[in-house]
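Keep in mind that this is a model prediction, so the values were computed, not measured.
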Amino acid sequence: MSNTLQKNLNYKKYVIDNRLQYFKPHASRIEKTFAEEISFSLNRHCKFISPKFFYDKKGSDLFEKICMLPEYYPTKTEITILKKLQNELPSYLDKNFRVVELGSGASVKTRIILDIFSQIYDVVEYFPIDISEILAESSESLLKDYDHLHITGIIDTYEGGLEFLKNYDEKKNLILFLGSSFGNFSPVDGHEFLQKINSTMKKGDLFLIGLDLVKDRQILESAYDDSQGITAEFNLNVLSRINDELDADFNLNNFSHHSLYNEHDQRIEMYLKSLVNQSVVISKSDLLLNLEKDELIHTEYSHKYKLSDIHKLLDDVGFDIKHTWLDDKNYFSLTLASKI
Ligand code: AVJ
């Protein structure tokens, strides 16, 4: 009990009104800054920039555009599968569930789940967990459209937020992790992350994860290199962000978007390719970066899964798999699992 109290003392509660509140850690944990992470990741033999840095305002807008591209099937496909859940999800829920989402859902997807909950419960509780403050924006619009919705935003990392929730109360959680965001993790990190999720769940809690499936190379590659060049813009934008926030002088014309499907490792790999020999100053990271012509900076992995991979993954960390739903073309999957 005292443990619970102490844990929650690390968060400050902001009550906006009787339907909206936030929890935010008092002092952010000893996390590295953007400047430090970039200094580390570009100062190595194999240079990389973490995909989490894609999502500044411009990057988030570009990602929204990607989701609507004809070539980018994941979002559309996941939405069709979620619609199928309308009839089936309720049978897995009892009277005591809330919706928890990793990532804040401004999206259609969250709304489909909230619609399902609205049919079952008089009051629907939604707990988005996100480090970004855009939580506020998306919450306002959800509250406008759902009369019986109560939102508690947790402004923290997914792991931090889940740990907080572990001691919060006795209500059961349906944890959503949609969009194949999990695909960014390396297999080792992914395993660790799922273990973390599992360890913060109470018996009977549910986890719904959306994962992209292995398919034809051509379909995969065009999803990550679209004809309008939006994905290229999205990838290159991370350099603009470094220019703006870390006082750097990347010339975007000297780089190109490079992506490919690595069949052996079942993943899309995205890079920024240096088109010339060049030096770039990143002031706030104390870095003079030398790049050779054709040198690659790795920016993202997007792993693709077979159904057997998904079942093994969840099985290995001790989840009880309830059901996997697919679309007609077997492009994408949603898997519901519970804590044993
Ligand atoms: C947000 C990680 C799921 O991997 O498909 C889209 C990001 N990158 N196009 C994905 C992304 C390029 C996306 N995730």
| task | Give every residue pair that meets the ring pair (Phe, Tyr, Trp, His ring centres under 6.0 Å) criterion with at least one member in residues 196-219, sequence neighbours excluded. | result | Phe207-Phe319

| So how far is it from Leu89 CG to Ile113 CD1, rounded to the nearest 0.5 Å? | 5.5 Å

| request: Any chance you could lay out the ring pair (Phe, Tyr, Trp, His ring centres under 6.0 Å) test for Phe234 and Tyr55, step after step, and finish with the verdict? | output: CA-CA 9 Å; Phe234 172 74; Tyr55 303 93; 5.7 Å; yes

| said: Using side-chain hydrogen bond (donor to acceptor under 3.5 Å, both in side chains), reason through Glu101 and Tyr126 one step at a time and then give a plain yes or no. | reply: CA-CA 8 Å; Glu101 183 164 22; Tyr126 174 56; 2.6 Å; yes

| message | Taking Asp61 first and then Lys57, would you say they form a salt bridge - that is, a charged N and a carboxylate O separated by under 4.0 Å? | response | yes

| request: Spell out, as yes or no, whether a donor-acceptor pair under 3.5 Å connects the side chain of Glu36 to the backbone of Thr33. | output: yes

Identify every side-chain donor-acceptor pair in residues 147-154 under 3.5 Å, counting partners at least two apart or on other chains, and give the distances.
unit_1, atom_1, unit_2, atom_2, d
His150, ND1, Asn18, O, 3.4
Thr152, OG1, Gln21, NE2, 3.1

| Donor-acceptor pair, side chain of Asp309 and main chain of Lys306, under 3.5 angstrom | yes

| field | Within-4.5 Å side-chain heavy-atom neighbours: Val99 and Phe127 | value | no

| remark: Residue set satisfying side-chain hydrogen bond (donor to acceptor under 3.5 Å, both in side chains) with Gln86, at least two apart, ordered chain then number -> none

| Within 45 degrees of the axis of the six-membered ring of Tyr92 and under 6.0 Å from its centre: does Lys322 put its NZ or CZ there? | no

| message | When you measure from the side chain of Ser41 to the backbone of Glu37, do you find a donor-acceptor pair of N or O atoms at a distance under 3.5 Å? | response | yes

| query | Residues sharing Val281's hydrophobic cluster, by side-chain heavy-atom contacts under 4.5 Å among ILVMFWY, directly or via others? | reply | Leu288

| Nearest heavy-atom neighbours spanning Thr77 and Phe332 | CG2-CB, 3.7 Å

| field | Check: Met270 main-chain N/O paired with Thr299 side-chain donor or acceptor under 3.5 Å | value | yes

| message | Suppose the criterion is side chain to side chain donor-acceptor pair (under 3.5 Å): which pairs have a residue in residues 327-340, not counting sequence neighbours? | response | Thr324-Thr335

| Has the side chain of Lys215 got a donor or acceptor atom that lies under 3.5 Å from a matching backbone atom of Leu213? | yes

| said: Could you check, using the six-membered ring where one of them is a Trp, whether Phe54 and Phe63 have ring centers closer than 6.0 angstrom? | reply: no

| said: Does any part of the side chain of Tyr261, heavy atoms only, come nearer than 4.5 Å to the side chain of Tyr224, both counted from C-beta? | reply: no

| request: Identify, with sequence neighbours excluded, every residue that meets salt bridge (Lys or Arg N to Asp or Glu O under 4.0 Å) alongside Lys202. | output: none

| said: Let me confirm one number: the CG-CD distance from Leu252 to Glu233, rounded to the nearest 0.5 Å. | reply: 10.0 Å

| query | At what distance, to the nearest 0.5 angstrom, does CE of Met201 lie from CD1 of Ile197? | reply | 8.0 Å

| field | Main-chain N/O of Asn184 paired with Ser302 side-chain donor or acceptor, under 3.5 Å | value | no

| said: Using side-chain heavy atoms (C-beta onward) and a distance below 4.5 Å, is Thr231 in contact with Asp225? | reply: no

| task | Using the ring of Tyr168 (Phe, Tyr or Trp, six-membered ring only), decide whether Lys166 places NZ or CZ under 6.0 Å from its centre and within 45 degrees of its axis. | result | no

| Does Asp189 offer a backbone N or O that forms a donor-acceptor pair with the side chain of Ser186 under 3.5 Å? | yes

| field | For Arg217, side-chain hydrogen bond (donor to acceptor under 3.5 Å, both in side chains) partners two or more places apart | value | Glu221, Glu263

| task | Not counting sequence neighbours, which residues clear ring-ring contact (aromatic ring centres under 6.0 Å, His included) with Tyr301? List them please. | result | His298, His303

| query | Are any of the side-chain nitrogens in Arg267 or Asp265 under 4.0 Å away from the carboxylate oxygens of its partner? | reply | yes

| query | If you measure only the distance, is there a donor-acceptor pair under 3.5 Å linking the side chains of His257 and Asn235? | reply | yes

| request: Name all residues meeting the side-chain hydrogen bond (donor to acceptor under 3.5 Å, both in side chains) criterion together with Glu88; count only those two or more places apart in sequence or in a different chain, and write none if there are none. | output: Trp325

| task | Using the six-membered ring wherever Trp is involved, compare the ring planes of Phe23 and Phe164 and label them parallel, tilted or perpendicular (cut-offs 30° and 60°). | result | tilted

| said: Taking atom NZ as the centre, does Lys171 end up with more than 12 heavy-atom neighbours from other residues, nucleotides or ligands that are less than 6.0 angstrom away? | reply: yes

What side-chain donor-acceptor pairs closer than 3.5 Å can you find for residues 289-296, not counting sequence neighbours?
unit_1, atom_1, unit_2, atom_2, d
Asn290, OD1, Ser279, OG, 2.8
Glu295, OE1, Glu292, N, 2.9
Glu295, OE2, Lys47, NZ, 2.8

| Measuring from Leu69:CG to Ser227:OG, what's the distance to the nearest 0.5 Å? | 7.5 Å

Return all side-chain donor-acceptor pairs below 3.5 angstrom for residues 172-180, not counting sequence neighbours, or 'none' if the list is empty.
unit_1, atom_1, unit_2, atom_2, d
Lys172, NZ, Asp94, OD2, 2.7
Asn173, OD1, Arg98, NH1, 2.8
Asn173, ND2, Asp205, OD2, 3.4
Ser180, OG, Asp212, N, 2.9

| Audit row: Phe53, Phe34, ring pair (Phe, Tyr, Trp, His ring centres under 6.0 Å) steps and yes/no | CA-CA 8 Å; Phe53 297 127; Phe34 184 27; 4.5 Å; yes

| query | So how far is it from Ile66 CD1 to Met68 CE, rounded to the nearest 0.5 Å? | reply | 10.5 Å

| By salt bridge (Lys or Arg N to Asp or Glu O under 4.0 Å) - contacts of Asp145 (at least two apart) | Arg111

| note | Separation between CG (Leu272) and CG (Asn254), nearest 0.5 Å, reads 12.0 Å

| Could you go step by step and tell me if Gln278 and Ser274 meet the side-chain hydrogen bond (donor to acceptor under 3.5 Å, both in side chains) rule? | CA-CA 8 Å; Gln278 55 182 319; Ser274 175; 2.8 Å; yes

